[in-house]
Number of protein chains: 2
Amino acid sequence: MSVVAKAISLLEHFSVQNPELGLSQLCRLAKKDKATTYRYLTTLESIDFVEQNPVSKMYRIGPAVLHLADIREQTVPRREGAIKPLEILAQATGETAHVSILSGNGLHALEACESMLHSTRAVIDLQKLPLHATASGICALAFGPADLTQIANTTLTQFTKQTAQDVETLARYISRVQQSGFGFSDRAFENDIVGFAAPLFDHTGQMAGTVAVAAVASRLTNALVDQIHNSLITASTSISHNWGGRVPTSIQTLWAQSSKSLAEKEMSI
Amino acid sequence: MSVVAKAISLLEHFSVQNPELGLSQLCRLAKKDKATTYRYLTTLESIDFVEQNPVSKMYRIGPAVLHLADIREQTVPRREGAIKPLEILAQATGETAHVSILSGNGLHALEACESMLHSTRAVIDLQKLPLHATASGICALAFGPADLTQIANTTLTQFTKQTAQDVETLARYISRVQQSGFGFSDRAFENDIVGFAAPLFDHTGQMAGTVAVAAVASRLTNALVDQIHNSLITASTSISHNWGGRVPTSIQTLWAQSSKSLAEKEMSI
DNA sequence: AACAGTGGTTTAATAAATGAACCGAAGGAG
DNA sequence: CTCCTTCGGTTCATTTATTAAACCACTGTT
């Protein structure tokens, strides 16, 4: 791990819940020496990646990232292209919908949209999502670059009793998703939430992210699952379109098959 | 300059005009060795600060900055607190208004708002502003931390014939601004633009940024200058309020005095 | 007064960054 | 076809910056 990565990984400890951190706190969180942490912070401060509250001496994320994020969103407008389909998805399903961006070594939640239909609903923190425990994550493992799986296999943090705890279980989850075309996670990240996801594609033809629905487990019915699947297909198709890509026919075929099998299952009930 | 700063300074070469850059281009821009630049880029890629277009092999700003910018804006909502006063300012003056954030070693343009009143108007690039050549910059030097002046003095890039080219001229500009309470720059950055600025304050009581109007020189009248000054006072007061601070009475006094002297000047005309 | 916290600084030991030279591939020009 | 340039990417001995223990100065508590 290079110095650059180590210094910047300090930034990962800042969050909406914890926007300002002191030197000592940061030392403990990063498990690093005080002198080193201090040097990192002053360096980051010199390039405006953090700034120091002059009275409390605490550090917070600096203004330089705003500028970079602006350039990114103006030239690769992921958020803009995702918002409307996301609202439609949330409204159609009555559950919380969110979009994540895939990037080399993980999945970043980009935007969430909560349905107003029910008073209980999932709340998505906009942060890095665990690959092995969320519908989006398993979807990324199923359809994204192969080297992601190695990253996922090394960090099987347990969140609930259902979280995949070994490589074999995770592999079974992944292969099921590769057959259905939908990411799926049954209370593996949060106790009462079931997740459904679909992959997104950009102009390069590669998988570029996921769109997902986080549903409250107690309200799930076969009809709702069906509705979520259909809405995910619509959302994935239009977001991929807005991102300059399109859903590969192989995935469309999977979706058509799993809709059919679902319909059959319902017929038999 | 530490490795961290050098690596991240690569990011400064990306812009809306030039969102994707190849390895060799970046080498030339950064005046760095190819091997070094390559290592920087792979490091930045590993932490999602840049991502590589898999087909063209070019690099662009990565998704990690979106997340950081989100946290920053959710916890220190500068942009949100600035937008409405900025729109009012642009509309009242008929010129382009913009807000910048002060940070240790410079001034970052945060948001610009163009008036639709005239077809010709100033366009503000959202980037780092030169301290010595803009109304906002001189305003920051006049009312911000003292060590900014040293930074400004070392980089007196010439933009127009009116740009301050020596420390004495700049000091004269600054002291004039310290007397009037308004940043001012007469065609020192762009040839036909006159800038007016007012300082902004946050909850720490320190200067936190500037709000400014970039006016087309050929349209300027005494009445418009008066209008701009008054609107800047309103804008600065309300943005500072939204940022959790307030304009110090010392500055309010300066404003009151310079309004009076302006009124007198107009009386005499 | 002793203690446990801060933020910040110095030190020799050590691990990391550096850049010239290099590779193979792709594209153009003669 | 060869020659030449430029591209992204790699190697390795040399140099340079990073590291972390110990240390200061300060503040509030017991």
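Letters go in sequence order (proteins before strands), and every chain restarts at 1.
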Whole Å only: how far is the CG atom of B:L21 from the C1' atom of D:dT6?
-> 17 Å

Short side-chain N/O contact to D:dT10 OP1/OP2 from B:Y38, under 4.0 Å = yes

To the nearest 0.5 Å, what is the distance between CG (B:L200) and CD1 (B:I239)?
-> 5.0 Å

Would you kindly give the CZ-to-P distance between A:R39 and D:dA17, to the nearest whole Å?
-> 11 Å

Closest nucleotide of DNA chain C for A:M58 versus for A:S2: which of these residues is on the 5' side?
-> A:M58

Gap separating the CZ atom of A:R172 from the CD1 atom of A:I138, nearest 0.5 angstrom | 11.5 Å

Only one of B:L86, B:V99, B:I83 clears side-chain contact (heavy atoms from CB on, under 4.5 Å) with B:L110; which?
-> B:V99

Write down the distance between NZ (A:K31) and P (D:dT19), rounded to a whole number of angstrom.
-> 17 Å

What is the 5' to 3' range of DNA chain C, first to last nucleotide, that sits under 4.0 Å from any heavy atom of chain A?
-> C:dT6 to C:dA17

A:F159 vs A:F189 aromatic rings, parallel, tilted or perpendicular, using cut-offs 30° and 60°?
-> perpendicular

B:Q52 or B:V3, whichever maps to the more 5' nucleotide of DNA chain D | B:Q52

Interatomic distance, B:L26 CG vs D:dC7 P [rounded to whole Å] = 12 Å

Is any side-chain heavy atom of B:P85 less than 4.5 Å from a side-chain heavy atom of B:V211?
-> no

Can you tell me the distance, in whole Å, between the NZ atom of A:K6 and the C1' atom of D:dA20?
-> 12 Å

Whole angstrom is fine here: how far is it from CG in B:L41 over to P in D:dC7?
-> 14 Å

What integer distance in Å separates A:K34:NZ from D:dT18:C1'?
-> 18 Å

Taking 4.0 angstrom as the limit, do B:E51 and B:R60 come out as a salt bridge?
-> yes

Nearest-0.5 Å distance, CE of residue A:M58 to CG of residue A:L23 | 12.0 Å

Using atom CG of B:D33 as one end and atom P of D:dT14 as the other, report the distance to the nearest whole Å.
-> 17 Å

5′-ward residue of the pair B:A35/A:S24 relative to DNA chain C | A:S24

